[in-house]
Amino acid sequence: MAESIYLSSCNKLAKVSIIGAGNVGRTLSQRLIERNLADVCLLDIVEGLPQGIALDLTEAQGLQSHHCEIMGTNNYVDTKDSDIVVITAGVARKPGMSRDDLLKINAKIVTEATQKSLYYSPNAIYLIVTNPLDVMTYLVWKTSDLPYDRVMGMAGVLDSARLETFIAFELGVSIHDVQGMVLGGHGDLMLPIPRYCTVSGIPITELLSPETIDKLIQRTRDGGAEIVRLLKTGSAYFAPASSACYMIESILFNQSRLLTAAAYVQGEYGLNDLFLGVPCRVGSNGVEQILEIKLTTEEREILQRSARSVRDSIDIALSFL
Ligand code: APR
């Protein structure tokens with residue numbers, strides 16, 4: 001079990017506020033406290049919901065033997081002085097709702113949540129989970145005065161985790177030996193890079209046929225949809241919560257993990273002024289470095305296409321604000 005991180009000499013635990021007490025928010029809360037990573041403030045617009053979840057989780061504290069606190073609230077004042085703010089608030093796309101409708105609703109929810117959180121936690125690192133991820137992450141940065149390296153989006157870790165799972169299934173090897181690499185936007189235009197995906201250091205291009213790799217990549221692209229189809233209501237939340245937790249751990253413990261995050265690009269990969277999934281070193285200062293790895297011409301084109309699609313959605317979202 002991870003040790004707790006104490007941020008000051010007065011033995012105060014790190015504080016993570018999670019905006020949105022839906023499936024992802026509550027699962028992430030559970031992961032954080034049960035692993036003794038941080039105290040959690042869980043906020044939702046629905047009265048009673050975050051309080052009920054917090055009480056339920058607190059009643060399990062003795063049984064789970066952890067010493068972190070969780071509070072549920074509808075009031076942003078309780079998020080004061082957070083070290084990290086995670087934004088999961090939003091609505092899911094419902095039948096009959098266009099992509100633009102979703103964009104409009106979530107843009108409003110996310111920018112309001114940012115303004116209110118920012119007032120009480122101006123120095124926090126902001127981790128965005130609400131979809132469409134790359135666009136929402138941009139809006140958080142654009143509508144705040146936050147430095148770009150203190151804002152990041154969670155998607156690449158999740159997409160990589162999904163690809164790793166399918167590689168492990170296919171080869172019958174332990175997931176612990178598999179390392180995936182997925183760049184680009186969180187969506188149809190994500191960019192898995194097989195030659196950088198390895199099993200104990202061996203590129204999967206040495207272990208699997210191109211046809212099998214294509215099949216695994218397609219399943220990764222459809223990863224979210226596959227779960228939505230099976231669940232029938234709602235979308236994935238266990239792996240998304242674990243992915244956010246993984247990033248939070250790297251920040252709180254200054255682990256400098258090299259992972260894919262939606263980060264602000266300024267010329268890297270020939271891209272500018274947007275947030276997109278790129279390999280980043282993540283530590284206590286947020287996104288501390290973006291690594292520029294060699295891409296083929298075809299991969300660069302896919303990344304450019306992914307960036308154009310994110311840019312178009314950003315422009316639409318900005319027009320709603
Ligand atoms: N302020 C605070 N909370 C809000 C607001 C708001 N303005 N608007 C909605 N919420 C809350 C809802 O009340 C709900 O509890 O956000 C929560 C969203 O939870 P779910 O619908 O269960 O969604 P979840 O599965 O948690 O996913 C959250 O993560 O992976 C992405 O696509 C997913 O955008 C979605 C987000």
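We count ligands from 1, going down the list as the structure has it; atoms in each ligand are counted the same way.
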* Asked: Do any nitrogen or oxygen atoms of A236 lie less than 3.5 angstrom from nitrogen or oxygen atoms of ligand 1?
  ->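 The answer is no, given that A236 and ligand 1 share no N or O pair closer than 3.5 Å.
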* Check each of I84, L127, V86 against M247 using the side chain to side chain contact (heavy atoms under 4.5 Å, CB included) test, and report the only one that passes. => L127
* Asked: Do the side-chain N and O atoms of D134 and H186 include a donor-acceptor pair separated by under 3.5 angstrom?
  ->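 No, because no side-chain N or O of D134 sits under 3.5 Å from a partner of the opposite role on H186.
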Any idea which protein heavy atom is nearest [atom], and the distance to it?
atom	value
atom 26 (O) of ligand 1	V24 N, 2.8 Å
atom 34 (O) of ligand 1	N131 N, 3.0 Å
atom 36 (C) of ligand 1	T88 O, 3.5 Å
atom 13 (O) of ligand 1	D44 OD1, 2.7 Å
atom 21 (O) of ligand 1	G90 O, 4.4 Å
atom 1 (N) of ligand 1	I45 CB, 3.7 Å
atom 19 (O) of ligand 1	G22 CA, 3.1 Å
atom 8 (N) of ligand 1	I109 CD1, 3.6 Å

* Asked: Between Y138 and F275, how do the two ring planes meet: parallel, tilted or perpendicular, split at 30° and 60°?
  -> perpendicular
* L208 versus L216: any side-chain heavy-atom pair under 4.5 Å? ->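 Yes; the side chains approach each other to less than 4.5 Å.
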Can you tell me which portion of [X] lies within the under-4.0 Å heavy-atom range of ligand 1? Options are side chain, backbone, both, or neither.
X	answer
V91	neither
V46	side chain
A89	both

* **Ligand-residue contact atoms, ligand 1 with L49, heavy atoms, under 4.0 Å** =>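 Answer, ordered by atom number: 15 (O).
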* To do: Determine, step by step, whether K215 and R219 satisfy the side chain to side chain contact (heavy atoms under 4.5 Å, CB included) criterion, reporting the C-alpha distance in whole Å, the side-chain angles of both residues, the deciding distance to 0.1 Å, and the verdict.
  => CA-CA 6 Å; K215 195 183 72 187; R219 191 167 178 198; over 6 Å; no
* Step-by-step side chain to side chain contact (heavy atoms under 4.5 Å, CB included) determination, Y126 to T137 -> CA-CA 9 Å; Y126 283 71; T137 309; over 6 Å; no
* Does some non-hydrogen atom of the protein lie less than 4.0 angstrom from atom 23 (O) of ligand 1? ->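 Under the 4.0 Å cut-off, atom 23 (O) of ligand 1 has no protein heavy-atom neighbours at all.
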* **Exceeds 12 heavy-atom contacts within 6.0 angstrom, atom CG of D188** =>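 No, CG of D188 has 12 or fewer neighbouring heavy atoms, counting only those of other groups under 6.0 Å.
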* To do: In sequence, state the C-alpha distance, the side-chain angles, and the governing distance for C68 and L13, and then conclude on side chain to side chain contact (heavy atoms under 4.5 Å, CB included).
  => CA-CA 8 Å; C68 290; L13 270 174; 3.9 Å; yes
* Where at least one partner belongs to residues 40-61, residue pairs that pass side-chain hydrogen bond (donor to acceptor under 3.5 Å, both in side chains), sequence neighbours excluded -> Q51-N74
